[in-house]
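Have a look at the structure below before the remarks.
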Amino acid sequence: RLFGQDISKIFKQKYYGNLTIVPRFTTMQTFGLKSLSNPTIKDMEGYLKYGQIAAWPYLNAIRDMIRLEKALDDCLMRLEARVRALNPDVDWLNPDDVE
């Protein structure tokens with residue numbers, strides 16, 4: 001408990017994903033103490049700066065992931081259009097109605 005508040009849930013959160021970008025933290029930020037006060041403009045500028053610096057090494061991976069996501073979306077749209085063309089009377093978004 002900190003200032004009468006249970007903050008344990010903050011530290012128990014699960015972070016996951018295909019790509020996790022972690023900027024450099026100060027000691028106060030690492031232990032979550034800085035989050036208990038309103039950030040100053042200088043704090044926010046630092047967060048943006050270090051976040052950008054942390055992202056630069058991953059730009060190629062991010063680009064490739066976006067390309068893959070777009071390709072999958074395009075394929076899904078084409079597949080849905082083909083399925084609708086085969087049977088336009090069926091609501092494919094509501095599969096319970098399919099006989």
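When a residue number appears, it is its place in the shown sequence, counting from 1. Computed from a predicted model, the values in this text were never measured in an experiment.
Residues satisfying the salt bridge (Lys or Arg N to Asp or Glu O under 4.0 Å) criterion with Asp74, sequence neighbours excluded, are Lys70. Residues passing the side chain to side chain contact (heavy atoms under 4.5 Å, CB included) test with Ala61, sequence neighbours excluded: none.
Separation of atoms CZ (Arg84) and CG (Leu79) is listed at 9.5 Å; rounding is to 0.5 Å. To the nearest 0.5 Å, atoms NZ (Lys42) and NZ (Lys49) are separated by 10.0 Å.
Ile53 forms part of a hydrophobic cluster together with Tyr50, judged by ILVMFWY side-chain heavy-atom separations under 4.5 Å. Clustering of Ile, Leu, Val, Met, Phe, Trp and Tyr by side-chain heavy atoms under 4.5 Å joins Ile41 with none of the others. Leu72 belongs to a hydrophobic cluster whose other members, connected by ILVMFWY side-chain contacts under 4.5 Å either directly or through intermediates, are Leu68.
Within the structure, side chain to side chain donor-acceptor pair (under 3.5 Å) pairs that include any residue of residues 53-62 comprise Asn60-Arg63 (at least two apart or interchain).
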